[in-house]
Amino acid sequence: MTEMTAVSGLGQRVDADEARARVRKRYRAEARFKAYGIGAIAFAALFLVVLLADIVTKALPAFTVTHLVIEAPVTAETVDPDGSRQAASLARGDYLKPLREVYQGFFPEVSGRAPRRELNGLLSSGAADELRAQVMADPSLIGKTVKTRALVSDDADLYYKGVVTDVVEEPGEAVATPSATSGEVVVTTSTPAFADDLAEIKAELSETARKRRFEVDRIRTLREGILADKPSAELALREAQGGGDATRITVAQNVLAKIDSDAQSLQAQMETLAGEAADFEARFKDSGGAEKLDEKLPSRLLAINGGIVKITSLAADRVEGVTLTPLKSQDAAQPNAWKLLTYETPETPAGSATSRSPGSRR
Amino acid sequence: MDATATAARPKPTASATLPANDPKIVAKDVNVYYAEKHALKDVSLDIPERAVMAFIGPSGCGKSTFLRCINRMNDTIASCRVVGSIKIDDQDIYDPSLDVVQLRARVGMVFQKPNPFPKSIYENIAYGPRIHGLARSKAELDEIVEQALRKASLWNEVKDRLQDTGTGLSGGQQQRLCIARAIAVSPEVILMDEPCSALDPIATAKIEELIDELRQNFTIVIVTHSMQQAARVSQRTAFFHLGVIVETGPTERIFTSPNDKRTQDYITGRFG
Amino acid sequence: MTLIYLLGLVLVAAGAYVVGRQKGVTFAMAGGASRMHSLPSYHGAYLAVSAIAPMLLWFILWLVLAHRVVEWAGMSALPADLAPADGLAYASRLREILLVADGVQTNEVAPGVRAAGETYALWRGLSEWALLIVGLGLALIGFAWGARQLEPQFRARNGVERFVKVLLIACSAVAVLTTVGIVFSVLFETLRFFAKYPWYDFLFGLQWSPQTAIRADQVGASGTFGAVPLFAGTTLIMLIAMSVAGPIGLFSAIYMAEYASPRVRGVVKPVLEVLAGVPTVVFGFFAALTVAPFIRSTGEALGLNVASESALAAGLVMGVMIIPFVSSLSDDVINAVPQSLRDGSYGMGATKSETIKKVVLPAALPGIVSAFMLAISRAVGETMIVVMAAGLAGNLTFNPLEAVTTVTVQIKTLLVGDQEFDSAKTLSAFALGFVLFFFTLVLNFIALRIVQRYREQYD
Ligand SMILES: Nc1ncnc2c1ncn2[C@@H]1O[C@H](COP(=O)(O)OP(=O)(O)O)[C@@H](O)[C@H]1O
Ligand SMILES: [Mg+2]
């Protein structure tokens, strides 16, 4: 090729090296151009794949439901008010009652009206549909214990599908000794087993504070932007008043009033958020031993000695909490015989004021 | 600069117009297939330097196909496969190490239907020099454009409207613009595929005149349907028939005393 | 009854055709086909047309007039004390009369109304019979008139062609009039809005908050309707969308038209077109639930301040949605560039990309520009994605990370819900619609003009 370029018409004017370099450059441009085309198509195709995958993964859980398998005693008194074994009577029976009784038996420690209601709320209002269908199809089941599937409420369903929160399990690293088996419990560990968690909570506090500050800044710029329009709006109002056109005056007044009310509500938001941020920052700086866990932080539970403790305060080697299910014993638990569960989503998400307990919707 | 380049070449003498010239292009056993169709069969041909070679023959006999082999335009047709060897100045143009882009700069092409780009006349001519980086300054490019237009006998007609669009010219002017466009990169060979078939007789005469001038500096291969045209402009003629070259030789001899019966039939208008 | 009438129309047409054709054939046999002006089938068609044309006209006339006459008859049969006072009462009285006439409700109705209902039913029956009888009579007259004209020299073909032409003009007139009607109805509502709210404040005002009623005693305006934030939001989202769809659509088109083998093309083209077939709602929730949170978290990781509903999310997804609009049309225009131009460029020793950049794209440019224009008008008119992903806040900003709103979204928001129809709030939707219509009209007009120029270049 060298010779060829040399003898060619081109070779007489452009030296061979330069010509070759130029051709190489042109072919690189060619390859690049083609790559743009492939890239563009790949992007579009990738987007389509992501779109479909996203829809499918988001949709699939909606096609399944979560049941609780319960063996419930079906007695004639509850399900057959007339005692006739006829469809009309069976249809009026209360099938939820036997289910709830068995279900509540799983949680003997739950007592009092409100906690009971909350517990019942985890069963769907249609939980007994399957039992009813079973009994109506076969009335001879009355008087027996029937194995049935009870639909759980949608909150519980979403929890089981992993939509509500991520749960992290960490095995206990030290010997842990609880102070009681129920009610308020203090668990102390032989080594500082919760040091990591404490650091994590501190980090979360500072991160949350940072996010609040961020939001405050955002709202401040928004507010300043709105207030920047004020002089011109005032000018427009004065001009309109000078002109005497009623419609224009109204419009200008409206604009001005809107600016003021927006600025005011943004100011209020800013103050709330700034207060929260200051609170978090103070807690972060406070290097005292124990950190309080509230509903704005991820929930932490301790599974120990067959019971569950919800932690309310956490220090490096000592946690305080209340039992959700009572412990079987007060014995010291060996490493790996107990574990710490972290529910990543706080009970109350940022910004919302009231906590919503599961089942409070019905 | 084009002028100096060509001036450096020996001017052809009167005898150079005779077939005594060295072969510029040597084709040996060229076979071309379009998918399953065998379009050219064992074609071998020498094309002399700085002379006009005409390809004649009935439609579909493979003239264009062979012409397109010489600057590898067949590469752009996916189904087309070329076997055999074609050498220009002893360089095999189907050698994988050879660069098509540079080859086509050496072997220009003019098509059946004038196909100026939808740009100004100036830009049409400057296209080749630009992509091949032949001009280092605007003045140099202007010079190349002017020289190319002069050589294509178009300069006087368009020099006042170089910025007008090329598609606005008449058919004959458009074809000369295409010839000028090919000349602008100073090729050694110019291939013309029925360059006058879309033109009126006066425009045709002008192009023929131009071809006759160009042969002093370029090796020209022209496909034509008109026997008269072949006789007027070419020094050598090859007669194609059904994908093979039946006969080749000095134009005069082919037209006066063909060796092959088929050539005889064709030039006397018995078929084709 | 109308069904019977239309069936009769078809039968009449068929019968007249057969008769006319037969007559034509007779002429041909008698005098030789060469002496006839038109073919026998044209004689048939002519006769059919002369029979059904009056039938059709009568049918249209009947459709427009008959129910008015019947209604009038029913209403005038009402005793004076039951006669309706206003439009609302008229409508409800008419409903009662109709119920009686249809035999749905005969008791529990005032005797006056019952009488009116019966009159109504009687007239309705009469009008239907009138349709049939007058129609058939007209058909007969038309048939006789046509049949008398038929003779070997008769120019039946010209007559039929004239009829077809009139029919086609009538059809296109319907389409054109519909468009004109829509434009005018929007225009009138817009003018009503401008009577309540000054147009310069609408077009140049910087505050958009149609919801706020600040004081109850204020008349006219119940909010501020400065549309500039909407125009800005629309422009912003359109720009984001086009900066996605433009390059990606164009490069896809170039690759498909110039590089891809037929097999690759056969796969890629439908895949891209699937994007155009995805319902915009689906794109909308993808933007709102997946893309927007992704942008927000990415932005926060980079220390940027991102609103949870951002113009960027909506614009990006909308851009992907309109990729096929750009790519399909551009692909077509690139393919329409004559191969001879490419050959010319390759013959000069240009590489493929040089040929594309310097010859093919400039030649296809007008078509590509109009593809972009159509994509833009699609982007500007898109509502769903913006509603779901970009929010409703009328922020005047060009920051793509903020929530913005667009003209279409506001039109939707203004018209959903139950305000009084002639409140400034509802009417402002028409003004926005008019602006939008005007904008897309101009865009389409430019696109069409460019395409026309392009056509002239390569006939
Ligand atoms: N692109 C193509 N694809 C398939 N067959 C082709 C193509 N171009 C030419 N041919 C076939 O090759 C043969 C030679 O064609 P061509 O070289 O164009 O003939 P001509 O001598 O008329 O220029 C013809 O039979 C033609 O059908
Ligand atoms: Mg040919």
Side-chain angles (χ1 to χ4, degrees), chain A residues 10 23 26-55 57-58 207 210-211 214-215 217-219 221-222 225-226 228-229 232-233 236 240 245-262, chain C residues 196-198 201 205-207 209 212-215 218-226 244 247-256 258-260 264 268 271-272 274-275 278 282-283 285-286 289-290 300 303 305-307 316-317 320 323-324 327 350-354 356-357 395-397 402:
Chain A
L10 290 176
V23 168
R26 285 168 66 194
Y27 278 119
R28 271 202 305 279
E30 172 73 26
R32 216 176 319 129
F33 192 76
K34 193 172 172 183
Y36 291 153
I38 295 175
I41 289 176
F43 174 88
L46 183 76
F47 187 94
L48 193 65
V49 170
V50 170
L51 175 73
L52 291 179
D54 183 64
I55 291 170
T57 52
K58 282 208 167 74
E207 173 65 15
R210 197 183 67 81
K211 277 189 186 157
F214 220 88
E215 199 68 3
D217 282 347
R218 207 173 74 80
I219 294 178
T221 32
L222 209 66
I226 289 175
D229 290 340
S232 71
D245 177 347
T247 334
R248 293 212 68 176
I249 294 174
T250 323
V251 169
Q253 279 170 345
N254 286 0
V255 171
L256 211 55
K258 171 90 164 89
I259 288 175
D260 283 338
S261 77
D262 280 359
Chain C
K196 287 173 190 277
Y197 196 88
D201 283 334
L206 303 183
Q207 276 284 328
S209 53
T212 39
I214 290 164
R215 284 200 317 273
Q218 279 173 345
V219 278
S222 63
T224 58
F225 299 93
V244 173
I248 291 184
L250 188 57
F251 273 110
S252 306
I254 290 172
Y255 188 83
M256 281 192 299
E258 299 284 332
Y259 287 99
V264 172
V268 170
V271 166
L272 283 186
V274 167
L275 281 176
V278 176
V282 175
F283 274 120
F285 71 65
F286 181 67
L289 299 182
T290 306
E300 270 173 6
N305 213 339
V306 186
L316 282 180
V317 173
V320 172
I323 286 174
S327 71
T351 62
K352 207 156 190 167
S353 65
E354 286 162 350
I356 294 166
K357 279 185 278 194
N395 293 333
L396 180 52
T397 174
E402 288 279 348

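These values consider heavy atoms only, across backbone and side chains, with no hydrogens, waters or symmetry-generated copies. Convention: sequence-line order gives letters A, B, ...; per-chain numbering from 1.
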Counting only non-hydrogen atoms closer than 4.5 Å, does [X] touch chain A with its backbone (N, CA, C, O), its side chain (CB onward), both, or neither?
| X | answer |
| --- | --- |
| C:Glu258 | neither |
| C:Ile356 | side chain |
| C:Val264 | neither |

Heavy-atom contact with chain C under 4.5 Å, split by part of [X]:
| X | value |
| --- | --- |
| A:Ile55 | side chain |
| A:Phe214 | both |
| A:Ile259 | side chain |
| A:Tyr36 | both |

Original post:
Parallel, tilted or perpendicular for C:Phe225 and C:Tyr197, by the 30°/60° rule?
Top reply: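 The arrangement is perpendicular - the two ring planes meet at more than 60°.
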Among the listed options [options], the residue most often paired with chain A at heavy-atom distances under 4.5 Å:
| options | answer |
| --- | --- |
| C:Thr290, C:Val317, C:Ile323, C:Leu396 | C:Thr290 |
| C:Val320, C:Val268, C:Ile254, C:Val274 | C:Val320 |
| C:Leu272, C:Leu275, C:Val271 | C:Leu275 |

Taking atom [atom1] of [X] and atom [atom2] of [Y], what is their separation to the nearest 0.5 Å?
| X | Y | atom1 | atom2 | result |
| --- | --- | --- | --- | --- |
| C:Glu300 | A:Glu207 | CD | CD | 8.0 Å |
| A:Phe43 | A:Leu48 | CZ | CG | 11.5 Å |
| A:Leu51 | A:Leu46 | CG | CG | 11.0 Å |

Which atoms form the tightest heavy-atom contact between [X] and [Y], and what is the distance?
| X | Y | answer |
| --- | --- | --- |
| C:Glu402 | C:Thr397 | CB-CG2, 3.8 Å |
| A:Ala40 | C:Phe251 | CB-CB, 3.7 Å |
| A:Arg26 | C:Thr351 | NH2-N, 4.0 Å |

**OP:** Identify which of A:Lys211, A:Lys34, A:Arg32 forms the greatest number of heavy-atom pairs closer than 4.5 Å to chain C.
**Re:**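 Top count of heavy-atom pairs under 4.5 Å with chain C: A:Lys34.
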Subject >> Contact check, side chains of C:Tyr259 and C:Ser353, non-hydrogen atoms, under 4.5 Å >> reply: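 Touching, per the 4.5 Å side-chain cut-off.
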